[in-house]
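Here the structure is laid out as structure tokens; the discussion comes afterwards.
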Amino acid sequence: MKTFGLDLQKYETEKEPARLISRNPSDVIIPLKGGFGSALSPAVEVGDEVEAGEIIARNDNSISTPIHASVSGEVKGIEEMDYFHEETGEELEASVRAVRISSRQEKDTGGGGVEWKKEKPKNLRELLYLGGLTSFGQTGIPTEFNSSFSGPDDVEDILVNGVVTEPFVHHLIDYESELSSFKTGLQILARAFSNSQIHFILDEETLDDLVDLTSSQRIKVHSAPNEAQMSRSKLLAREVLGVDGLDEGGYLLEHGVLALSEVVPLMTYRTVVEGVPFIRNRFSLGGPLAENLIIEAPIGTTLGQGISSSAEESDRGVTIAGGPLTGQKMEDMKRPIGKELRAITQLEKPEESEFLSWLQTGLTKNSYTNAFFSALVPGKEKKADAGLHGEKRPCVYCGYCSDVCPVDILPYQIYQTHSHEMVDEVNRLQPQRCVDCGLCSYVCPSKLPLSSTVREAKQEQPGEANNYVEYEETEEGLVPVVIESDQGRGEEVE
Amino acid sequence: MNKTKDLFMAGLWEDNPVFRQMLGLCITLAITNKVANGVTMGVAVFFVLTASSFVVSLIGDTVPRRVRIPVFMLVIATFVTLVYIFLQAFFMPLSQALGAYVGLIITNCIILGRLESFSSENSPWDSLVDAAGVATGFAFALIAMSVVRELLGFGTLFGIQVMGPSWTPWVSMILAPGGFLVLGLLIWVQRAISPVEEE
Amino acid sequence: MKEEIWMVAILVLVATISAGLLGFVNVTTRPIIKKNEVRKLRESVLESLKVDYTADNLEDKFESEIKTKKLDGKEIFFRYNDSGELSAVAFKVTGSGFQGPISGLISLKPDLKKIIGLEMLSQQETPGLGARITEEWFLNQFKGKEVEPRLLIVKSGAEEANNKVDAITGATRTSKAIQGLINDDVKHVRNDILTDKVMEGYLNE
Amino acid sequence: MNKLDELMSDVADYTKGHPYLQHITEVVETVRAIVFHHGEAASESPFLRDYIEIKRYMFAVVLAVLPATFAAIYFYGWRALAMIAISYVAGGIAEVTFTLVRKEEITEGFLVTGILFPLILPPSTPYWMVAVGIIVGVILGKEVFGGTGYNIFNPALVGRVFLTISFPVAMSSRWVPPLTGGWAGFTQYSVDTITTATPLGVFANSGTLAPLRELFLGTIPGCLGESSALLVIAGGIFLMLAKIVDWRIPVAYLGSVFLFSTLGMFLWPNQVAPPLFQLLAGGLLFGAMFMATDPVSSPTTKEGRWVYGVFLGVMTVSIRAFSGYPEGVQFSILLMNMFAPLMDEMVMTFRYGPVQKPYK
């Protein structure tokens, strides 16, 4: 699979599909905040017995989504834990409360579903809210229950992103065995948001089997050509749906687009039809150090227990939440798995010392350029590790970063102007177009922090302060802050 | 005494007209391919600058502000013409080598600048010292540049062969580009020795 | 009003003093400057005619040996030997070089074919390259060369001939320019000014 | 090998504490970094990084000029190699001095400058001139601007042009005929100095064209590296395939030379040489493949690179036809280097509009 002339999938040598496995840990720790919305106060006390799927925290007055107990068992404790930014991975100084439950190892029982075809859209939205699904999307799924800053009528398009372009990241849905549930899930979403159009976007390879999905008028299936798309919802919204005005920045929801992950339709099906709320999350595990797995585990399972066997080896590898290009490094294996986790990638640490590496033929090295002999041996297994593969050097203006950029910005120019604090020049270069795909940093031979610099520049843009959800710690706990006005230079008062 | 020394040294080094203030570059670049030219021009500017500084400091208070520039120009022009005639009469070859540049001393910003900013408001003695410092600084810059350029460009100093007969002349040093290069390098050296204070 | 008058008065005063001073200096130095210029030209003439002179007897030598005539606006110097025969003719040759005008002084035998000597009066060629045309070794080459049919300045190492002079390495353009201006001016003088007929009148003093 | 690595690390540590030797710590560290690659993990996303690095990037260019270097030795003897060695040593000293004074890291860009520079010199250039040229190139072409990545001009060309205007005789009229047949230059040190002229010089003087086959193979006088069109093209194609240089610049440059010399041949038949001769003669191919494509001093945007290449072609043809210099590649590349940032700026203005200055 090629992305902008980059054959990133060359790194994946094992072609066997990922297996789906389940994990049932002995105890879970559930942060009272998952995805978009403020932190909540617990509705249970230490010593209480809880059932899997029982709501343990809820507040309809602030933007939030109810939190469920993900296993049946006894509440062992309510503790403070560090919180981190779900998109940027940045550690926040604030902390959230978390409930620790020890599992009774009983089989989860569904609460019995509803006939979704007969329900009113509003009731379906209530079910989504009560099922804990509304924390999805960059800014939450809008319902009548204060789950997002927008209302349900604001949603014009729902974009279900099934594109996978990063190496070692797998599709979370098995489109053969789970197709009917997935399809039903999409239909439920279509009914719940009756004013909107559902767009399901898949990469071409997977799409062929899914022709019958297109039977419904309300659901459109798009294919994203492999070479032209990076799996970023903003880019898909711009390129595939043709949503205008995204270059000015801001959340997708402000432009009427609700971007959802691939698992949401499946979880919707479970919540509405089977009556099981979103208590078991699904994520993919991949990378040279790990088996190719799709793991389903109760929310609150610690990372170490979630990825199990690989956990011991983490000292010789790097564990990344998300894909290798856009993910965040996970240092703490005790951190609970939240609702937002989609993928775990484990990469090896680089070799410590290599003799004259720049003279070596590099038969196993995959590279954007063909300066390695690996270019001549296409079938050869390609090494993927977490190394920088070189020293940081001044920019030599090779232009690789702008060549691979999917949104036609000039990362090296933004880097240069931003590091010289030339605010007007940075603004002119439109860093807000960036979709954080990380390809510029990936190809840079000078190993410059292009991607993070562009992100910084983007956040400094007028009106871009809210490109990432900002949290503020109040008496109620963490509350998402949406900054409406321009904070950039445009609003300066003399 | 200290003040006198400071005044002189400021013009000579810290505020060197060529290396620091970037004045008089036209002349500097044009004539410094031979040391003899540099020395002559240095002496000529020294004479014009000190003399006109002295005269202007004497009459500075008397001249109404509105006509001071014409008056200064007249004074400078007088001395420059004197030098020009003098050179033509007694140093014919030098006068030919320097060509129009002697006449152009009139428009040399160094001179008008010193008159305007210093001599017209200071005592004759201070003006004289200041002018002498600046003119020496200018001459120093000219000579420094012309030594490098003549040495590399002709292999000679004052026309005397010093680099040996097999020396290959660096033609670029004689031409304008060499002038720019040497000027740039010398400014670099000067600023490396006494760095410019950032404001 | 008073201030304006004062301004004018000052300006006039300064200008007067300055003009007076300059006038005085000019008057005193004019003869010297004039003399310098004449002397320079005469030096070149004598130089090109290969007349021995010293700084002291320059004037006498010139007066006694050289006759200056202005023909068709061109100054021509005739040299007569002791027996009154015309032994050499000298005149200016000018033209454009690579960087600017070049002017020189050429002296020829009375037949206007053989060069006695060449001197450069002014040039603006590239120092170290084209400007080497003022160097002795280059000018000395011209002695005894013939301008008939054409004087040629060729790359060093070429076949020797009566009308060939070595060029300056690396300064082809300047060398070509010199070749052109000598040939043109000599031809012009021979054909239009000092025609055989005219020459007859000058042959004997 | 690890022992050596440890030894170098110890040396670096020792110099760090030493009152005088501490100034050379950078050099030791750099040598160590060149010899041993130390795997460092990416500290922020993306965690997967491409294997291309500046050392390899620069080394690829050296690799690409190796065929031309062999040709230089074959045609002109081992003296060619001596010139390259001198260039590396003299330029290296200048480079190291500057990085030590500035306390910066030594960068790999010099690897390229050091070999490209001698290859664009006439084969009989005196050794001291090679040294002077490379030092001037490194200092005036690169270090005064702040080092690799900040230079406006191609350092090797700055050195070469400095030599051209400083020593016109040595640089433009002392060409030697190449050795051919058998082992040719591999068995001797240098070529006897028989002054001859380059094909372009011959054309400028007499209008005679050299046979294309000789130009293609390189058996005609010229600068060290540029003689053999064949090997230069081979190196250039390697660079373009390896994506080290952008194919747009050579293509635009050579294409525009072809176009404008065809045009010029009809308008000024006595001055403009025919297109194929123009393409193969002199330093055009070498310049188009290795000099004009220097990423630092050429435009970075694709559109800018097209414009750059086209202007280069016009300049080269014009200089060759109408100026006093028979060869115009060095001057046109240096001149266009100056306009490279402007071209990028224009592309950005087209793409994003002008810079808005709200508070001016």
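Protein chains get the first letters and strands the later ones, always in sequence-line order, with residue 1 at the start of each.
- With a 4.5 Å cut-off on non-hydrogen atoms, A/Cys444 touches chain D through its backbone but not through its side chain.
- Heavy-atom neighbours of D/Met8 CE from other residues, nucleotides or ligands within 6.0 Å: above the threshold of 12.
- Heavy-atom contacts from other residues, nucleotides or ligands closer than 6.0 Å to CZ of D/Phe59 number more than 12.
- Pairing each heavy atom of A/Cys398 with each of D/Pro295, the nearest pair is CA-CB, 4.0 Å.
- Within residues 414-422 of chain A, no residue has any heavy atom less than 4.5 Å from a heavy atom of chain D.
- Between A/Arg428 and D/Tyr352, the shortest heavy-atom distance links the atoms O-CB, 3.1 Å.
- For the atom pair CD (D/Glu53) and CG (A/Leu388), the distance works out to 9.5 Å, reported to the nearest 0.5 Å.
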side-chain contact (heavy atoms from CB on, under 4.5 Å) between D/Asp50 and A/His389, intermediate numbers included: CA-CA 7 Å; D/Asp50 202 277; A/His389 308 310; over 6 Å; no

What do the steps show when you test D/Ser45 against A/Thr326 for side-chain contact (heavy atoms from CB on, under 4.5 Å), and what is the final call? CA-CA 6 Å; D/Ser45 72; A/Thr326 56; 5.7 Å; no

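- Within 6.0 Å of the CZ atom in D/Phe98, the count of heavy atoms belonging to other residues, nucleotides or ligands exceeds 12.
- Considering all non-hydrogen atoms of both residues, D/Asp344 and A/Tyr412 come closest at OD2-OH, 4.4 Å.
- The local environment of CZ in D/Phe145 is crowded, with over 12 non-hydrogen atoms from other residues, nucleotides or ligands closer than 6.0 Å.
- D/Leu241 touches chain A through its backbone: at least one of N, CA, C or O sits under 4.5 Å from a heavy atom, while the side chain does not.
- Ranked by non-hydrogen atom pairs under 4.5 Å with chain A, the options D/Met348, D/Lys302, D/Arg56 are led by D/Arg56.
- For D/Phe238, no part lies near chain A; criterion is any non-hydrogen pair under 4.5 Å.
- Atom CD of A/Gln413 and atom OG1 of D/Thr300 lie 6.5 Å apart (nearest 0.5 Å).
- Interface remark: D/Ser43 contributes no atoms to any contact with chain A (heavy atom separation under 4.5 Å).
- Note on D/Ser298, D/Gly149, D/Pro299, D/Ala242: by heavy-atom pairs under 4.5 Å with chain A, the leading option is D/Ala242.
- Figure legend: cation-pi geometry between A/Lys329 and D/Phe47 absent, as NZ or CZ is not positioned both under 6.0 Å from the six-membered ring centre and within 45° of its axis.
- Contact of D/Tyr51 with chain A is made through backbone and side chain together, with heavy-atom distances under 4.5 Å.
- The nearest pair of heavy atoms linking D/Arg351 to A/Leu410 is NH1-CD2, 3.6 Å.
- Between chain D and the options A/Gly438, A/Ala386, A/Pro394, the largest number of non-hydrogen pairs under 4.5 Å is found for A/Ala386.
- Contact annotation for A/Leu356: both backbone and side-chain heavy atoms come within less than 4.5 Å of a heavy atom of chain D.
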Take A/Lys365 and D/Ile52, measure what side-chain contact (heavy atoms from CB on, under 4.5 Å) needs, and give me the verdict at the end. CA-CA 9 Å; A/Lys365 292 173 177 177; D/Ile52 188 73; over 6 Å; no

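- In this structure, OG1 in A/Thr345 is found 9.5 Å from CG in D/Leu48, a value given to the nearest 0.5 Å.
- When each of A/Pro445, A/Ser446, A/Gly399, A/Pro449 is checked for heavy-atom pairs under 4.5 Å with chain D, A/Pro445 comes out on top.
- A donor-acceptor contact shorter than 3.5 Å links the side chain of A/Tyr400 to the backbone of D/Lys243.
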How far apart are the C-alpha atoms of D/Glu40 and A/Lys392, what are their side-chain angles, what is the distance that settles it, and do they pass the salt bridge (Lys or Arg N to Asp or Glu O under 4.0 Å) test? CA-CA 11 Å; D/Glu40 194 189 328; A/Lys392 193 183 159 185; over 6 Å; no

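- In plain terms, the two heavy atoms of D/Ala41 and A/Pro350 that are nearest each other are N-CG, 3.9 Å.
- Between A/Glu391 and D/Lys55 a salt bridge is recorded (basic side-chain N to carboxylate O distance below 4.0 Å).
- Taking CZ of D/Arg49 as the reference point, atom CG of A/Leu325 lies at 9.5 Å (rounded to 0.5 Å).
- To the nearest 0.5 Å, atoms OG1 (D/Thr301) and CG (A/Asp408) are separated by 11.5 Å.
- There is no contact between D/Thr293 and chain A, counting heavy-atom distances below 4.5 Å.
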